[in-house]
Amino acid sequence: MTEIKIYNTKARAKEVFTPIDPDNVRLYVCGPTVYDRAHLGNARPVVVFDVLQRLLRHVYGAEHVTYVRNFTDVDDKINATALARKEAGAKGTLEELVHERSNETIAWYLKDMGALGAEEPDHMPRATEFIAPMIAMIEDLIAKGHAYEAEGHVLFAVESYKNYGALSGRSVDDMIAGARVEVAPYKRNPMDFVLWKPSSDELPGWDSPWGRGRPGWHIECSAMSHDLLGSSFDIHGGGNDLQFPHHENEIAQSKCAHPNADFARYWMHNEMLQVEGKKMSKSLGNFFTVRDLLDQGVPGEVIRFVFLGTHYRKPMDWTEKKRVEAEATLRKWYAQADRALDNAEPYSSVIDAVADDLNTSKALAEIHQLSHADDVPTLRASLKFLGLMGDTTPDWAAAPSVDLSDLATKLHETRLTAMQTKDFSAVDALKSALIAAGVQVRMSKVGVDLEPGPDFDAEKLNEI
Ligand code: AMP
Ligand code: ZN
């Protein structure tokens, strides 16, 4: 069996992965807050953990993996969008508009992430469907002396958990210094965080022993992972911006509620995405959603390829240059894979690279080797394993990337003129330029036929 190694944030080391139960390998990944379209950065954990779940299924069997990724559908930002719609005259109660917003955002998310070749997890729990287990967990934490009620809020008492901060290896004092902790008069310690808070009458809220209210963000993941995966499971993932406070708080809650269990045994965190070397932000004007790119005609496979080119624990830079190169490489690979049948296994070196803490850039380098060796069945199987290809070549790669008909007309007309003037220099120059751009030129008495060849380079056409 392939040995999988993963970098465990908790151990700050690469470790051999040993599942609790090889017949049911369990993975939980923190999902999005569903208030708007996913930006390109949000797609990074989706692709990273999709590669991981594909690897786990390859090694342990497709049926022996349970992958859970939640939707946070209780949030002030969702409420704010609903409020704005109501103010703009939308029909329905605020609660209905909140629901509508979450539903449409979830549908967008699944469609956009699907375009990146990400398979849907086995379970996609919505926080609003797990309120009862959250309330039960909070009651249990209060009973065990780890949480307290104050002014309609329930807070987790950070001092009651001695290992608080162990994941990121920081002391509570360091964390206080570095974090924007909300200071509130009802907190015993400024680091104490909300498990439950009151909700106004018109916004979504649920009855609880502490009055009508809603859960805090962290308890959602503790309760949903427990309900679906149990009190000890294998891997917990998310972006490294979630390490503190979100994951520290999840650990504190889950370990205090189930002191004899492990909660998550391996913690994996992806680094952030940047754009052309800069943090993606609305103020810098370099903020875009996955949908923006797809609508501009950037294929999902190209986005995925660019992501896989950088190791998940390194900051990754989205650049136009990478996009262009990814598209050209994928076109070439698809043209080869298209000739093959589904009669091979993925290349063992590709599997081994991914099994080594998801070394996807190495996996791509191995696929380059296959391409040079023209081992098309293995190439095809390896592309499918990495999620870069489904059962068929994507339409965008099957069709020529450009419309060459204007150039064909131009060449035809230049030739007609040349036949009268007997000066063929303009025809020869045009034909040479087309060939230099990788275009296959066929001229006959009836006309001109142009087709992009294997070395086709659209950029060179601009010079013609
Ligand atoms: P959010 O909806 O903001 O909670 O984010 C959803 C997921 O996207 C989390 O796992 C974040 O860590 C991740 N994420 C947010 N921004 C970026 C970014 N720029 N690069 C990579 N991952 C990100
Ligand atoms: Zn979470």
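Reckoned from all heavy atoms, side chains included, excluding hydrogens, waters and symmetry mates. One-based numbering, in listed order, for ligands and for the atoms of each.
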Inset, instruction - With salt bridge (Lys or Arg N to Asp or Glu O under 4.0 Å) as the test, would you mind laying out the steps for Glu320 and Arg323 before giving the verdict? - result: CA-CA 5 Å; Glu320 180 58 15; Arg323 182 194 70 71; 2.7 Å; yes

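- In this structure, Glu159 and Tyr164 have side chains that are not in contact, with every pair of non-hydrogen atoms separated by 4.5 Å or more.
- Rounding to the nearest 10°, we obtain 110° for the angle at the Zn ion (ligand 2) between His246 NE2 and Cys221 SG.
- Taking any N or O of Met272, backbone or side chain, none lies under 3.5 Å from an N or O belonging to ligand 1.
- For the residues Gly41, Cys30, Ser281, the heavy atom positioned nearest atom 23 (C) of ligand 1 is part of Gly41.
- Both the sub-6.0 Å distance and the 45° axial angle are satisfied by Arg188 relative to the ring of Tyr148.
- Of the protein's heavy atoms, Pro45 CG, 3.8 Å lies nearest to atom 13 (C) of ligand 1.
- Inter-residue side-chain proximity for Thr378 and Glu345 is flagged as unmet; no heavy-atom pair is nearer than 4.5 Å.
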Inset, instruction - Verify salt bridge (Lys or Arg N to Asp or Glu O under 4.0 Å) between Asp317 and Lys322, making sure each step is shown before the conclusion. - result: CA-CA 9 Å; Asp317 200 17; Lys322 286 185 186 173; 5.5 Å; no

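- Using a 4.0 angstrom heavy-atom cutoff, His39 counts as in contact with ligand 1.
- Taking 4.0 Å as the cut-off, Met316 does not count as a neighbour of ligand 1 on heavy-atom distance.
- Using the six-membered ring where Trp is involved, Trp267 and His247 have ring planes that are tilted, between 30° and 60° apart.
- Of the options Arg291, Arg101, Lys282, a salt bridge (charged side-chain N to carboxylate O under 4.0 Å, His left out) to Asp36 is made by Arg101 and by none of the others.
- For Glu15 and Lys5, the salt-bridge test fails: no basic side-chain N is under 4.0 Å from an acidic carboxylate O.
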Inset, instruction - Start with the C-alpha gap between Arg26 and Asp21, add the side-chain angles, then the distance that decides, and say whether salt bridge (Lys or Arg N to Asp or Glu O under 4.0 Å) holds. - result: CA-CA 9 Å; Arg26 285 160 286 164; Asp21 174 6; 5.5 Å; no

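- Annotation: atom 9 (C) of ligand 1 to nearest protein heavy atom, Leu242 CD1, 3.8 Å.
- Residue contact check: Glu271 has heavy atoms under 4.0 Å from atoms 21 (C) of ligand 1.
- Set against the non-hydrogen atoms of Asn270, the atoms of ligand 1 under 4.0 Å away are 21 (C), 22 (N).
- The protein heavy-atom contact nearest to atom 10 (O) of ligand 1 is Gly239 N, 3.3 Å.
- Salt-bridge formation is detected for the pair Asp76/Arg214: a Lys NZ or Arg NE/NH1/NH2 atom is positioned less than 4.0 Å from an Asp or Glu carboxylate oxygen.
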Inset, instruction - Check the pair Asp292, Arg37 against salt bridge (Lys or Arg N to Asp or Glu O under 4.0 Å), reporting the backbone distance first and the verdict last. - result: CA-CA 10 Å; Asp292 290 336; Arg37 289 260 186 205; over 6 Å; no

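- Considering backbone and side-chain atoms alike, Arg44 places every N or O at 3.5 Å or more from each N or O of ligand 1.
- Among the atoms of Asp241, some N or O lies under 3.5 angstrom from an N or O of ligand 1.
- Looking at Leu273 next to ligand 1, an N or O pair under 3.5 Å apart turns up.
- Atom 4 (O) of ligand 1 has as its closest protein heavy atom Thr33 OG1, 4.0 Å.
- Glu250 contributes OE2 as its N, O or S atom closest to the Zn ion (ligand 2).
- Within the 2.8 Å limit, Cys30 places at least one N, O or S atom next to the Zn ion (ligand 2).
- Taking any N or O of Asn42, backbone or side chain, at least one lies under 3.5 Å from an N or O belonging to ligand 1.
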